[in-house]
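Report on the following structure.
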Amino acid sequence: AGNSKNIRSHVESALSRRWPEFPRKPKHNGTLLICGAAPSLTDNLLKIRWNASKKDHFVWAVNKTGRQLAEAKIRVDFGCLLDAREWVAGYIEPTAKTVYFIASQCHPDTLDVFDKPGITRFLYHHDMDSVHDLMADSACLLPPISSTVGMESLFLGHHLGFRKFQLFG
């Protein structure tokens with residue numbers, strides 16, 4: 001699923017949907033709690049819930065972490081997906097209360113999950129040689145690095161104006 005031909009077809013599918021691109025925001029004093037799936041996330045749910053209760057703290061869930069946070073009665077403000085594999089579509093259940101940031105390289109089946117009324121979603125892009133011509137003018141083009149969704153969340157959070165981060169999981 002990660003070869004350049006597949007990635008290119010995924011990006012073309014994403015762009016054809018005409019979703020809004022990732023919005024850049026001015027810096028502010030908010031704190032972004034980035035939560036990833038790991039055994040240590042469970043150990044930190046009380047701390048995350050306490051921090052999330054502060055008015056200037058926001059919760060960012062990567063991949064399917066949003067489900068675990070919701071089950072723990074923790075508000076999820078943002079969700080993020082990067083994985084280009086087809087099966088990712090089966091583990092995400094978007095809600096209208098969360099704003100989602102979806103990499104244009106995600107599989108079209110994953111994009112379909114978010115292509116519903118009431119779901120707020122934005123595209124963001126990697127600057128990869130195989131797709132550079134498709135998105136060179138993009139407002140949110142991340143550096144051409146091999147990365148994880150957690151690392152990308154730091155970039156994206158910075159683009160949203162956050163300068164303070166707490167990482168969990």
Side-chain angles (χ1 to χ4, degrees), residues 1-26 32-38 41 58-71 75-162 165 167-169:
N3 70 45
S4 61
K5 183 178 177 184
N6 286 345
I7 295 294
R8 185 173 181 87
S9 71
H10 294 181
V11 171
E12 289 171 338
S13 172
L15 294 174
S16 73
R17 295 165 191 263
R18 304 217 181 281
W19 290 0
E21 290 195 356
F22 190 95
R24 289 184 182 244
K25 303 284 185 181
L32 190 61
L33 312 172
I34 298 176
C35 302
L41 183 68
F58 300 86
V59 177
W60 180 287
V62 302
N63 296 329
K64 60 183 173 182
T65 306
R67 183 181 300 162
Q68 183 179 359
L69 294 170
E71 288 170 359
R75 166 194 98 248
V76 177
D77 301 294
F78 305 107
C80 186
L81 288 174
L82 166 67
D83 202 312
R85 293 175 283 195
E86 183 176 0
W87 54 263
V88 172
Y91 73 54
I92 298 296
E93 296 172 23
T95 69
K97 295 179 180 180
T98 301
V99 175
Y100 296 93
F101 301 101
I102 314 298
S104 59
Q105 73 178 26
C106 286
H107 192 277
D109 289 353
T110 301
L111 299 175
D112 288 344
V113 172
F114 294 90
D115 215 357
K116 297 176 180 157
I119 302 300
T120 304
R121 68 279 189 267
F122 296 94
L123 284 178
Y124 74 93
H125 313 286
H126 287 283
D127 188 6
M128 298 177 283
D129 288 342
S130 62
V131 295
H132 182 78
D133 61 306
L134 297 175
M135 61 182 77
D137 295 326
S138 171
C140 189
L141 190 60
L142 294 185
I145 56 174
S146 183
S147 188
T148 65
V149 69
M151 292 297 295
E152 300 225 337
S153 295
L154 289 168
F155 278 108
L156 296 170
H158 190 270
H159 284 312
L160 280 177
F162 290 96
F165 300 90
L167 308 177
F168 299 94

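Note that this is a predicted model, so its numbers are computed, not measured.
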Original post:
If you round to the nearest 0.5 Å, how far is OH of Y100 from CG of L81?
Top reply: 9.0 Å
**OP:** Would you check if the distance from the ring center of F162 to the ring center of F58 is below 6.0 Å?
**Re:** yes
**OP:** Taking the side chain as every heavy atom from C-beta outward, state whether T110 and D83 have any atom pair closer than 4.5 Å.
**Re:** no
**OP:** Might you point out which heavy atoms bring G66 and V76 nearest each other, and give the distance in Å?
**Re:** O-CG2, 4.0 Å
Subject >> Non-hydrogen atoms of L82 and E152 that approach each other most closely >> reply: CD1-OE1, 3.7 Å
**OP:** Run the numbers on L69 and C35 for side chain to side chain contact (heavy atoms under 4.5 Å, CB included), then give the verdict.
**Re:** CA-CA 9 Å; L69 294 170; C35 302; 3.9 Å; yes
**OP:** Locate the shortest heavy-atom distance separating R67 from E93; write the atom from each residue and the value.
**Re:** NH2-OE2, 3.3 Å
**OP:** Would you sort out whether F78 and L32 count as a side chain to side chain contact (heavy atoms under 4.5 Å, CB included), showing the intermediate values?
**Re:** CA-CA 10 Å; F78 305 107; L32 190 61; 3.9 Å; yes
Subject >> Nearest heavy-atom neighbours spanning L123 and A14 >> reply: CD1-O, 3.6 Å
Subject >> Pair W60 + F101: ring centers closer than 6.0 Å >> reply: yes
Original post:
Nearest 0.5 Å, what's the CG-CD distance between L111 and Q105?
Top reply: 10.5 Å
Original post:
Side chains of V11 and L15: closer than 4.5 Å at any heavy-atom pair?
Top reply: yes
Original post:
When rounded to the nearest 0.5 angstrom, what is the spacing between OG in S104 and CD1 in I7?
Top reply: 8.5 Å
Original post:
Passes salt bridge (Lys or Arg N to Asp or Glu O under 4.0 Å), E12 versus R8? Steps please.
Top reply: CA-CA 6 Å; E12 289 171 338; R8 185 173 181 87; 3.6 Å; yes
Subject >> Closest heavy-atom pair and its distance - S13, S16 >> reply: O-OG, 2.7 Å
Original post:
Can you tell me how far the CD1 atom of I102 sits from the CD1 atom of I92, to the nearest 0.5 Å?
Top reply: 7.5 Å
Original post:
Can you tell me how far CG of L156 sits from CZ of R24, rounded to the nearest 0.5 angstrom?
Top reply: 10.0 Å
Original post:
What's the verdict on side chain to side chain contact (heavy atoms under 4.5 Å, CB included) for W19 and F114, showing C-alpha distance, side-chain angles and the deciding distance?
Top reply: CA-CA 10 Å; W19 290 0; F114 294 90; 3.6 Å; yes
**OP:** For I34 and L154, work out which heavy atoms get closest and say how close.
**Re:** CD1-CD2, 3.7 Å
Original post:
When rounded to the nearest 0.5 angstrom, what distance separates CD1 in I119 from OG1 in T98?
Top reply: 8.5 Å
Original post:
Given side chains that start at C-beta, do those of C80 and Y124 come closer than 4.5 Å, heavy atoms only?
Top reply: yes
Subject >> Any side-chain heavy-atom pair of R75 and K97 under 4.5 Å >> reply: no
Subject >> Side-chain touch Q68/K64, heavy atoms, less than 4.5 angstrom >> reply: no
Subject >> With sequence neighbours excluded, residues passing salt bridge (charged side-chain N to carboxylate O under 4.0 Å, His left out) with D115 >> reply: R17, R121
